[in-house]
Structure formats: C-alpha cells, structure tokens
S.K.: 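After the structure tokens below, expect a handful of questions from me.
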Protein chains: 2
Amino acid sequence: MLTIGTLSKKTGTKVQTIRYYEQIGLMPEPGRTEGGQRRYDNAQLDRLSFIRHSRQLGFSLDAIRELLDLSDHPNRPCDEADAIARRQLKQVEQRMDRLKALRTELKRMVHECSGGRTGDCKVLEVLRDHSECLTEHEEIGA
Amino acid sequence: MLTIGTLSKKTGTKVQTIRYYEQIGLMPEPGRTEGGQRRYDNAQLDRLSFIRHSRQLGFSLDAIRELLDLSDHPNRPCDEADAIARRQLKQVEQRMDRLKALRTELKRMVHECSGGRTGDCKVLEVLRDHSECLTEHEEIGA
DNA sequence: CTTGAACCTCTAGCAGCTAGAGGATGTATC
DNA sequence: GATACATCCTCTAGCTGCTAGAGGTTCAAG
C-alpha cells in the first residue's frame with residue numbers, strides 16, 4: 001500500500017499532479033484509508049509511470065488516454081498505438097524543422113549585432129522588419 | 001486611421017489577440033471613435049508587427065516587452081537586446097537537443113512495432129518501461 | 001499522548017491566447 | 001432617412017498541463 005507521497009517520489013511526479021490526473025480521469029480513483037487518505041497499489045504505480053514516460057516523450061494527455069486504453073486491451077491490433085506514435089514522431093520532426101529555421105534567424109541576428117546603440121541594433125532591426133528574414137519561420141503555438 | 005480588423009488582417013493577428021495585447025499593456029490604448037471603436041495609426045501597426053514577428057521567433061511576451069522598451073530608446077547601448085536574443089537562441093538550441101533525443105526514441109519505437117496485437121506492441125512496451133530507452137530524454141514542460 | 005510530516009479539499013493562478021454571448025456602431029445602398 | 005449587415009464593443013469563461021497556497025485533518029513514530 002503506497003501513499004501518494006511515495007508514488008510521487010517513485011515517479012518524479014508532484015503530488016498535486018497525481019491528484020490532477022485522478023481528477024481528469026487519467027488515473028483511477030484509488031482506495032482510501034478510514035481517514036480518507038489515498039492508498040495505491042503496484043498496478044497504479046505502473047500506470048503512473050506509463051503516463052509520465054509518455055509525457056516525457058511529448059504525448060498529450062489525450063494521446064496518453066488512448067494509449068492507456070489500448071494498453072488495457074492486449075488483444076486488439078496495435079495499429080492504433082503505432083499510428084499515435086507515428087503522429088507524435090511527425091509532430092516532433094515538424095517542431096524540429098521550425099526550430100531549425102528559428103535558430104538560423106536568431107544566429108544571424110546575434111551575429112550581426114555590432115554592439116552599438118539600440119538605435120542601430122541589428123537585433124531590433126530584424127524584429128522590426130520581417131522582410132529582412134532570410135528563412136521562413138512560423139513558430140507561434142508550437 | 002485603421003480599424004482593429006484591418007490591423008488584424010495586415011499582421012495576421014486575431015482581433016481578440018490585439019485586444020488582449022492592449023489589456024496586458026503590450027499595445028498602447030488606441031484612439032476611439034465617438035462610438036467607442038478603436039482606431040489605429042501606422043506606428044501602432046509597426047508595433048504590432050514587431051510583437052508578432054518576435055512571437056514567431058519564439059520570444060515570450062515578457063521578453064518582447066523588454067525588446068519594445070529598448071526599441072523605444074535608441075540611444076541606449078544595445079547589449080541588452082543582444083543578451084535577450086542570445087538567451088532565446090540558447091533556449092532554442094536546448095529545445096532542439098531535447099527534441100532530437102525524443103525523435104530517436106520515437107523512431108525506435110515505431111520501427112520495432114511489428115504490427116501484431118497490442119499485447120506485444122513495442123510502442124506500448126517502451127512506454128511501460130523506461131529502462132528500455134536507449135537515450136536520455138526529459139521533455140516535460142519544454 | 002504528543003508531535004510533526006504528510007495528507008486532505010478547494011480555489012486561483014501561470015502563458016498566451018481563443019471563443020462565444022449579447023449588444024452597439026459604422027457604412028453602403030436604396 | 002431607413003434598412004441591412006458586417007464589424008465592432010465588453011465581459012466571461014475556456015483551453016493545456018500543471019502548480020501554489022490556504023486552512024484544516026490524519027497517520028506513524030517516539
């Protein structure tokens with residue numbers, strides 16, 4: 001019987017976060033002591049580890065919900081899990097591409113700054129005028 | 001005299017977002033018609049473009065606030081603007097590193113999935129057991 | 001039996017918007 | 001001048017994924 005604090009330490013998840021996962025139905029409601037404190041078993045520890053690990057790989061809570069669901073039904077074909085992972089991979093690659101463009105632009109900005117007055121600062125100039133950009137970049141909401 | 005809708009179209013910013021920027025003090029309060037509708041001038045259009053462009057480059061609203069402030073004082077040395085851009089560049093590079101590790105892991109997951117049942121799906125298996133990971137990855141909150 | 005760490009619930013906050021309700025204004029056309 | 005209708009207004013609440021704090025209770029060790 002594990003307390004929420006133990007679970008927290010074992011998985012590196014904040015206590016509040018565990019309760020949050022329960023609230024949104026990602027973690028099941030655990031048993032309680034007479035006094036009303038949560039007590040977990042190993043299955044729940046595994047589930048939380050799964051969630052955390054998936055989060056580290058960048059999956060959204062919705063995606064994780066699906067993955068958990070698939071994981072709970074070992075006889076279903078695993079195409080879906082595969083598709084979710086592929087989707088995630090694609091997203092990661094897209095984000096990387098965008099970041100690459102940003103890096104190029106930022107490097108150029110920083111490089112060209114000659115250390116004078118803000119009035120002729122290249123950094124600010126570039127920000128003022130998009131047309132100076134050599135690469136395409138659209139980061140917002142990434 | 002530009003309406004908020006015109007500003008919106010010219011900068012690719014949602015009307016609501018412009019009002020939000022005003023609310024948090026990033027955009028100045030514009031003039032109003034007798035009826036109370038906002039009317040902008042070109043200086044304000046430039047300012048919004050600056051903000052948007054900075055957002056596209058991934059700067060936080062706080063960073064943008066600083067950059068705008070610097071931009072408003074052309075006689076100050078531009079070290080600060082430079083420092084902000086460097087900071088941003090560093091962040092972008094860190095995010096790229098993390099994404100690279102994630103991509104490796106995701107690729108491996110997807111690659112090893114043989115298309116059977118979820119019960120022996122490699123994707124789910126990897127998520128279940130962090131120790132199978134070949135690379136370090138810590139993405140959460142990135 | 002007392003102490004004190006860990007637990008409980010509840011509310012509100014973070015970034016950076018976005019959406020919708022419910023109503024007023026501005027402009028073009030007749 | 002009337003009408004139509006796109007656009008504007010304010011206000012509130014929602015999104016993701018947590019995180020922090022107030023104010024109070026429970027558990028386990030000594």
Side-chain angles (χ1 to χ4, degrees), chain A residues 1-27 29-40 44 48 50-68 87-88 91 95 98 138-142, chain B residues 1-27 29-40 44 48 50-68 87-88 91 95 98 138-142:
Chain A
M1 288 300 111
L2 311 161
T3 66
I4 197 168
T6 312
L7 219 62
S8 164
K9 267 169 219 144
K10 289 208 184 211
T11 60
T13 316
K14 300 231 159 120
V15 166
Q16 298 285 33
T17 306
I18 300 174
R19 291 201 273 251
Y20 169 71
Y21 286 160
E22 179 184 330
Q23 196 185 300
I24 61 168
L26 210 55
M27 285 291 286
E29 289 189 22
R32 300 269 188 159
T33 61
E34 287 202 2
Q37 298 196 355
R38 291 169 178 82
R39 288 300 121 99
Y40 296 89
Q44 284 159 330
L48 183 54
F50 185 105
I51 295 171
R52 280 276 107 184
H53 192 196
S54 304
R55 284 294 295 134
Q56 283 171 3
L57 286 165
F59 289 96
S60 70
L61 294 183
D62 265 358
I64 295 171
R65 218 184 284 273
E66 289 182 73
L67 289 167
L68 279 166
R87 210 159 62 213
Q88 181 64 16
Q91 262 179 39
R95 283 172 69 188
R98 261 179 274 132
E138 278 285 329
E139 157 78 346
I140 290 174
Chain B
M1 288 302 111
L2 312 162
T3 65
I4 198 168
T6 312
L7 220 63
S8 163
K9 267 169 221 146
K10 289 207 183 210
T11 60
T13 315
K14 299 231 158 124
V15 167
Q16 298 284 32
T17 305
I18 300 173
R19 291 201 274 251
Y20 169 71
Y21 287 160
E22 179 184 331
Q23 198 185 299
I24 62 168
L26 210 56
M27 285 292 285
E29 289 188 22
R32 301 269 185 157
T33 61
E34 288 200 3
Q37 298 196 356
R38 292 169 177 81
R39 287 300 123 98
Y40 296 89
Q44 284 160 330
L48 183 55
F50 185 105
I51 295 171
R52 280 276 108 183
H53 192 197
S54 304
R55 285 293 297 134
Q56 283 171 3
L57 286 165
F59 290 96
S60 70
L61 294 183
D62 266 358
I64 294 171
R65 218 184 284 272
E66 288 182 73
L67 289 167
L68 279 167
R87 212 159 62 213
Q88 181 63 17
Q91 263 179 39
R95 284 173 69 189
R98 262 179 274 132
E138 277 285 329
E139 156 79 347
I140 290 174

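Quick note on labels: first sequence line is chain A, next is B, and so on, each numbered from 1. What's counted below: heavy atoms across the whole structure, side chains too, no hydrogens, waters or symmetry copies.
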S.K.: Can you measure from CG (Leu2(A)) to NZ (Lys10(A)) and round to the nearest 0.5 angstrom?
M.R.: 6.0 Å
S.K.: To the closest 0.5 Å, what do you measure between CD (Gln16(B)) and CD (Gln23(B))?
M.R.: 10.0 Å
S.K.: What string of B, S and - do you get for nucleotides 23-30 of chain D 5' to 3' if you count protein non-hydrogen atoms under 4.0 Å?
M.R.: ---BSS--
S.K.: Within the 4.0 Å heavy-atom criterion, would you say Arg52(B) contacts the bases, only the backbone, or no part of the nucleic acid?
M.R.: sugar-phosphate
S.K.: Just wondering, do Leu61(A) and Arg55(A) contact through their side chains at under 4.5 Å, heavy atoms?
M.R.: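 Yes, at least one pair of side-chain atoms sits under 4.5 Å.
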S.K.: Considering residues at least two apart in sequence or located in another chain, which fulfil the side-chain contact (heavy atoms from CB on, under 4.5 Å) criterion with Phe50(B)?
M.R.: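 If we apply the side-chain contact (heavy atoms from CB on, under 4.5 Å) test to Phe50(B), skipping adjacent residues, the hits are Leu124(A), Leu127(A), Arg128(A), Ser54(B), Leu67(B), Leu68(B), Ser71(B).
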S.K.: Under the salt bridge (charged side-chain N to carboxylate O under 4.0 Å, His left out) rule, what pairs show up with a residue in residues 59-68 of chain A, not counting sequence neighbours?
M.R.: Asp62(A)-Arg65(A), Glu66(A)-Arg87(A)
S.K.: In Å, rounded to the nearest 0.5 Å, how long is the span from CD1 of Ile64(B) to CZ of Phe59(B)?
M.R.: 8.0 Å
S.K.: Would you give the length of the straight line joining atom CD of Gln56(A) to atom NE2 of His53(A), rounded to the nearest 0.5 angstrom?
M.R.: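 Between atom CD of Gln56(A) and atom NE2 of His53(A) there are 6.0 Å.
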S.K.: Could you work out, with side-chain hydrogen bond (donor to acceptor under 3.5 Å, both in side chains) as the rule, every residue matching Gln37(B), not counting sequence neighbours?
M.R.: Arg39(B)
S.K.: Take the C1' atoms of the five end pairs on each side of the helix from dC1(C)-dG30(D) to dC30(C)-dG1(D), derive the two axes, and give their angle rounded to 10 degrees.
M.R.: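 Taking five pairs per end, the axes differ by 10°.
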S.K.: Where do Arg38(B) and Ile4(B) come nearest, in terms of heavy atoms and distance?
M.R.: CD-CD1, 4.0 Å
S.K.: Nearest 0.5 Å please: distance from the CG atom of Leu48(A) over to the CG atom of Leu7(A).
M.R.: 5.0 Å
S.K.: First and last nucleotide of DNA chain C in contact with chain A, 5' to 3', at under 4.0 Å to a heavy atom: what are they?
M.R.: dC7(C) to dT9(C)
S.K.: Excluding sequence neighbours, so at least two apart, what forms side-chain contact (heavy atoms from CB on, under 4.5 Å) with Thr17(A)?
M.R.: Thr13(A), Lys14(A), Tyr21(A), Arg52(A)
S.K.: Quick one: list whatever passes side-chain contact (heavy atoms from CB on, under 4.5 Å) with Gln44(A), sequence neighbours left out.
M.R.: Met27(A), Pro28(A), Pro30(A), Tyr40(A), Asp41(A)
S.K.: By side-chain hydrogen bond (donor to acceptor under 3.5 Å, both in side chains), which residues pair with Thr6(B), not counting sequence neighbours?
M.R.: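 Checked Thr6(B) against side-chain hydrogen bond (donor to acceptor under 3.5 Å, both in side chains); matches are Thr3(B).
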S.K.: Give, ordered by number, those residues of residues 4-25 of chain A having at least one heavy-atom distance below 4.0 Å to an atom of DNA chain C; if nothing qualifies, reply none.
M.R.: Ile4(A), Gly5(A), Arg19(A)
S.K.: Write down the distance between CZ (Arg55(A)) and C1' (dG17(D)), rounded to a whole number of angstrom.
M.R.: 6 Å
